[in-house]
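First up is the structure itself, then whatever we jot down about it.
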Protein chains: 2
Amino acid sequence: MQSNKITKILKAIADPTRRDIFHALVIAASALPITEVSAQFEISRQGVTKHLKTLENAGLVEITTQGRERFCSADPKPLKAVQKWLQFYEQFWGDALSNLENFLDNKNIKE
Amino acid sequence: MQSNKITKILKAIADPTRRDIFHALVIAASALPITEVSAQFEISRQGVTKHLKTLENAGLVEITTQGRERFCSADPKPLKAVQKWLQFYEQFWGDALSNLENFLDNKNIKE
DNA sequence: GCTTTTTATTCTATTTTAATTATATTTGCA
DNA sequence: TGCAAATATAATTAAAATAGAATAAAAAGC
């Protein structure tokens with residue numbers, strides 16, 4: 001996948017199962033081995049592993065090996081990039097016309 | 001696509017071309033016919049139309065027919081759902097996490 | 001009416017994604 | 001040593017997404 005960071009992150013969280021896995025890791029008290037993660041889901045352990053790799057590739061999950069186990073923990077920080085992307089469009093929520101004027105004012109391209 | 005609202009929205013904005021199309025419509029002064037939208041992109045008009053349908057299905061674009069033309073305009077409001085989804089995780093990239101990082105950093109310095 | 005413009009529709013090919021099964025590897029432990 | 005646990009890897013299947021070509025249809029303008 002040769003896509004940029006924000007695209008990786010958005011694709012990672014666009015899948016409901018991956019959002020569930022991510023959420024389970026965020027609220028977990030500690031890092032969880034893959035078996036323990038996959039035990040919480042209907043799909044196979046291999047399926048969960050692939051989702052974890054996608055999340056890891058987006059920076060949303062960290063996986064560290066300890067003995068024969070691989071411990072997974074969530075890292076929500078990359079979601080800041082999504083929040084930043086949203087910020088631009090936030091000014092257009094609400095009344096369309098006045099917000100467009102705000103945007104044009106900010107850009108100094110209006111009169 | 002038989003998925004819930006937030007999944008539709010995230011999938012819609014997970015594609016870079018669709019983000020570009022959406023952005024072009026947001027900053028457009030008025031609604032644009034499909035031909036005018038597709039003129040701004042390398043891909044075919046059919047491709048742009050499909051992306052517009054995906055965006056429309058997510059509620060991010062409104063398309064109204066007027067004569068033989070179909071005018072497209074952006075509606076950023078559904079992005080609120082994404083912001084709301086992010087809000088829960090915001091607390092995990094705040095103080096608690098950086099405190100943990102500080103602790104680990106200090107530990108490394110002492111060793 | 002005829003032509004051009006705008007768009008939809010149908011069809012096809014390619015790629016990506018999601019998930020499973022089967023097999024192999026590594027590690028911990030009796 | 002030998003077995004069970006945890007995981008990886010490979011092969012495969014099925015479905016969905018992406019994109020474009022060809023064709024059809026509707027509306028605008030002459």
Side-chain angles (χ1 to χ4, degrees), chain A residues 1-25 28 30-73, chain B residues 1-25 28 30-73:
Chain A
M1 188 162 47
Q2 80 273 359
S3 50
N4 64 26
K5 198 92 176 101
I6 182 86
T7 300
K8 276 186 189 174
I9 297 166
L10 287 171
K11 281 197 170 153
I13 62 174
D15 184 272
T17 303
R18 275 196 294 272
R19 281 201 305 281
D20 288 346
I21 292 174
F22 176 69
H23 192 265
L25 289 175
S30 62
L32 302 179
I34 293 181
T35 300
E36 212 164 315
V37 177
S38 74
Q40 303 182 38
F41 297 92
E42 295 290 308
I43 63 172
S44 68
R45 179 180 43 75
Q46 287 90 336
V48 171
T49 297
K50 285 190 185 177
H51 283 307
L52 284 168
K53 273 184 183 162
T54 303
L55 289 164
E56 187 189 25
N57 190 247
L60 292 167
V61 159
E62 279 177 359
I63 308 181
T64 57
T65 304
Q66 208 169 326
R68 66 180 161 180
E69 286 175 306
R70 306 199 70 205
F71 288 88
C72 312
S73 60
Chain B
M1 193 167 29
Q2 193 207 330
S3 48
N4 63 26
K5 199 92 177 95
I6 181 86
T7 300
K8 276 185 188 173
I9 297 167
L10 288 171
K11 281 198 170 150
I13 61 174
D15 184 273
T17 303
R18 274 196 295 270
R19 281 201 305 280
D20 288 347
I21 292 174
F22 176 70
H23 188 83
L25 289 175
S30 63
L32 302 178
I34 294 180
T35 300
E36 212 165 314
V37 177
S38 74
Q40 304 180 38
F41 298 91
E42 294 291 306
I43 64 172
S44 69
R45 180 180 43 75
Q46 287 92 333
V48 172
T49 297
K50 286 188 186 179
H51 283 307
L52 284 169
K53 271 184 184 163
T54 303
L55 288 164
E56 187 189 25
N57 190 246
L60 291 166
V61 159
E62 279 178 0
I63 307 181
T64 57
T65 304
Q66 208 168 328
R68 66 178 162 179
E69 285 175 306
R70 306 197 70 203
F71 288 88
C72 312
S73 60

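Atom set for the values below is all heavy atoms of this structure, side chains included, hydrogens, waters and symmetry mates excluded.
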Output the rounded distance in Å from [atom1] ([X]) to [atom2] ([N]).
X     : N      : atom1 : atom2 : answer
A:F71 : D:dA8  : CZ    : P     : 13 Å
B:L32 : C:dT6  : CG    : P     : 13 Å
B:K53 : D:dA19 : NZ    : P     : 15 Å
A:R70 : D:dA5  : CZ    : C1'   : 16 Å
A:D15 : C:dT17 : CG    : C1'   : 9 Å
A:N57 : C:dA18 : CG    : C1'   : 16 Å

Residues which pass side chain to side chain donor-acceptor pair (under 3.5 Å) with A:H23, listed by chain and number, not counting sequence neighbours:
none

Taking side chain to side chain donor-acceptor pair (under 3.5 Å) as the definition, give me every residue that meets it alongside B:T65, ordered by chain and number, with sequence neighbours left out.
B:R70

The answer to which of B:P33 and A:T17 contacts DNA chain C further toward the 5' end, by nearest nucleotide, is B:P33

Which letters describe nucleotides 25-30 of chain D, given B = protein heavy atom under 4.0 Å from base, S = only from sugar-phosphate, - = neither?
--BS--

For the residue pair A:T7 and A:I9, establish whether any side-chain heavy-atom pair is separated by less than 4.5 Å.
no

Taken in chain and number order and not counting sequence neighbours, the residues that satisfy side-chain contact (heavy atoms from CB on, under 4.5 Å) with A:Q46 are A:S44

Does A:K11 offer a backbone N or O that forms a donor-acceptor pair with the side chain of A:R18 under 3.5 Å?
yes

If you round to the nearest 0.5 Å, how far is CG of B:L32 from CD1 of B:I21?
11.5 Å

Which value, rounded to the nearest 0.5 Å, describes the distance between B:L60 atom CG and B:L25 atom CG?
10.5 Å

What residues 39-52 of chain A contributes to the DNA chain D interface at heavy-atom separation below 4.0 Å is A:R45, A:Q46, A:T49, A:K50

Taking only distance into account, with no hydrogens and no angle test, what donor-acceptor pairs under 3.5 Å do side-chain atoms of residues 34-43 of chain B form with protein atoms, sequence neighbours excluded?
| unit_1 | atom_1 | unit_2 | atom_2 | d |
| --- | --- | --- | --- | --- |
| B:S38 | OG | B:T35 | O | 3.2 |

